[in-house]
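Okay, structure first, notes after.
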Amino acid sequence: MEQQELIPHLFRTEFRKIVAVLGKHFGAGHLDVAEDLASDTFAAALETWPYRGIPANPTAWLYAVARNKALNYLRRNRHFTREVADQLKKDPDDFQESEIDLSEGNIRDSQLQMLFAVCHPAISVPAQVGLALRILCGFGIDEIATAFLTNKETVNKRLFRARETLRREQVAIEYPGEGEIESRLESVLTTLYLLFSEGYYSESREPVIREDLCAEAMRLTALLLEAGPANSPEANALFALMSFQASRLGARQNGSGELILYQDQDESLWDAALIAQGARYLNLASRGSRLSRYHLEAGIAYWHTIKEDTREKWENILYLYNLLLQVAYSPVAALNRTYAFSKIHGKEAAIREAERLKLSGNPYYFTLLGELHSGLDDEKARMHFEKALELARTEADRRVIQQRLGIRK
Amino acid sequence: MEQYALIMRHEDGGKVASPEQMESWMKQTMDWIGGIAAQNKFVGGTGLPFDDARVVHAGNMVTNGPFGDIKETIGGFITVKAESVEEAVEFAKGCPVLQGEGNTVEVRRIARDH
């Protein structure tokens, strides 16, 4: 492997592990130190490897360097060591020499515990997502800024405040206790869900699809499922939802990155293994009595893995959207529900339903109305598509609407 | 925004429906509620089964019932958000219970603390 490829690859896989272990070792109040030491470790690799050659086991080399850097840091910064030891209720001298455990097991535990710390309810939801991307996925500040259509300063400020909150609230990097796990798990699932959704389809940023965000969300959810008490029906349902949706990622874009709508997708490109995985986890999610939004959305996603347009399919989708809107209203769910409604009750009835939604600032509202009027009143359909075009926020959306209008660019 | 209870009253709740009618009625009710939820105006609600129902009278006398066959029984209620009673009435108009002769939906504002 060439060095140019090796470093980004190692950075992607190892940076977050080093941060998680060091962060866990120092406590949530000192995540910045953990991040700095991990960055220093990669800087050291870049200073050494070009001259001395790439070590036989680069990962082991990185871990050894990270460990040494952490121990040196503790020796040189007595004040920091005392503070950390004090917070962790340990003897400063023992702590200074204590083993930094970069074993596979401790890496996994640290990442999982870090996931719960990062999704602490005292931190705002956007900051939770940002912090998760930084600490648990090893994303750079630039990448996070691009992913959320904001600038570096905003991301830095948001992450700074989040780290301050972790310090102030003295959030422990540990697995929440029995009584707490349910409520803490809820915000972890929300963050993972948002992370996946942002990658699956962004309403406001180009490119609208970012498979890397989806992959990271799935990796973290899989990690969560491996841990006993967090393996809840909701978490399984979320993983099923992600699997069903991800099965279509390869079919949603053409070679030049243009969006391909569901009805035009080549279903032979859908990933059958992911669909099967989704079904398996949806099955695992079917215990307990609570029907969460993830169960309902996974159910809707399941029916979308069947391409054929049957009445049974749309009846089920409508039924699930009816329930979903009662637990978790969102404009996009309201619009999709109306589309499903049209499949069962016809376009005229669906237009009446749509007009009650009061979503006239939403481009997808007009796309839906355009779709529903098509074939009934093509002039009206055209007017709605034009309004949608005016409101669309991404080039990908504009292109889709232009296709419906018959405008080729 | 106020909240309103939409109370469904059946003229004759004891009417025996075929499984097909029940299925259709259930779907219609779900679509009705889904349509309100799609406007982000649904708060909650439930059906009120007749089986095992009791009436507690003055003097703590308890009788069985009400049974579905008496006039004017409450079959269920939902709670909605609405800007005005008129908007709540529009929601009520879509209730499938109204397809039955003599049935009614009563719209009542829910009292607030302030």
Side-chain angles (χ1 to χ4, degrees), chain A residues 289-293 296-297 299-300 303 310-362 364-365 367-369 371-372, chain B residues 1-8 17-49 52 75-99 105 107 110:
Chain A
S289 56
R290 198 171 154 247
L291 208 52
S292 69
R293 67 173 299 180
L296 297 166
E297 288 193 52
I300 292 165
W303 281 101
T310 60
R311 189 175 172 87
E312 185 198 10
K313 167 179 168 175
W314 289 107
E315 268 188 349
N316 277 289
I317 292 175
L318 176 60
Y319 165 77
L320 291 163
Y321 270 121
N322 280 338
L323 292 177
L324 177 64
L325 284 157
Q326 296 171 43
V327 256
Y329 168 85
S330 70
V332 71
L335 293 168
N336 287 338
R337 182 250 173 204
T338 311
Y339 183 73
F341 190 89
S342 79
K343 292 283 188 181
I344 300 299
H345 301 287
K347 287 183 168 181
E348 279 106 339
I351 290 168
R352 285 193 297 278
E353 290 281 305
E355 284 168 347
R356 294 191 192 120
L357 298 179
K358 299 195 180 103
L359 290 171
S360 53
N362 187 318
Y364 306 109
Y365 170 69
T367 315
L368 173 71
L369 278 177
E371 210 63 61
L372 294 177
Chain B
M1 188 98 63
E2 300 281 350
Q3 290 194 2
Y4 293 85
L6 311 187
I7 303 155
M8 295 163 253
S18 70
E20 288 74 23
Q21 282 169 318
M22 283 159 70
E23 170 80 10
S24 149
W25 187 79
M26 186 187 73
K27 280 186 179 157
Q28 286 178 36
T29 305
M30 286 178 153
D31 283 344
W32 175 55
I33 290 172
I36 297 169
Q39 300 171 60
N40 204 12
K41 295 284 175 69
F42 181 77
V43 180
T46 182
L48 299 170
D52 234 9
F77 65 90
I78 68 166
T79 311
V80 299
K81 288 181 274 188
E83 297 290 352
S84 62
V85 67
E86 284 75 24
E87 190 185 7
V89 165
E90 285 308 308
F91 290 143
K93 282 180 183 169
C95 179
V97 160
L98 294 175
Q99 291 163 18
V105 176
V107 179
I110 291 175

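On a predicted model such as this, the values are computed, not experimentally measured, just so you know.
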Worked check of side-chain contact (heavy atoms from CB on, under 4.5 Å) between A:Leu325 and B:Phe42:
CA-CA 9 Å; A:Leu325 284 157; B:Phe42 181 77; over 6 Å; no
Between B:Met8 and B:Leu48, does a side-chain contact (heavy atoms from CB on, under 4.5 Å) hold up when you go through it step by step?
CA-CA 10 Å; B:Met8 295 163 253; B:Leu48 299 170; over 6 Å; no
Could you walk me through whether A:Trp303 and A:Leu320 satisfy the side-chain contact (heavy atoms from CB on, under 4.5 Å) test, starting with their C-alpha distance in whole Å, then the side-chain angles of each, then the deciding distance to 0.1 Å, before giving a yes or no?
CA-CA 10 Å; A:Trp303 281 101; A:Leu320 291 163; 4.0 Å; yes
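Atoms CD1 and CD1, from A:Ile344 and A:Ile317 in turn, are 9.0 Å apart once rounded to the nearest 0.5 Å. If you take CG on A:Leu291 and CG on A:Leu296, they are separated by 4.5 Å, rounding to the nearest 0.5 Å.
No side-chain heavy atom of B:Ile7 sits under 4.5 Å from any side-chain heavy atom of B:Val105.
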Counting backbone as well as side chains, what donor-acceptor pairs lie under 3.5 Å between chain A and chain B?
residue, atom, partner, partner atom, Å
A:Glu315, OE1, B:Lys27, NZ, 3.1
A:Glu315, OE2, B:Lys27, NZ, 3.2
A:Asn322, ND2, B:Met30, O, 3.3
A:Asn322, ND2, B:Asp31, OD1, 2.8
A:Arg337, NH2, B:Asp31, O, 2.8
A:His345, NE2, B:Asp31, OD2, 2.7

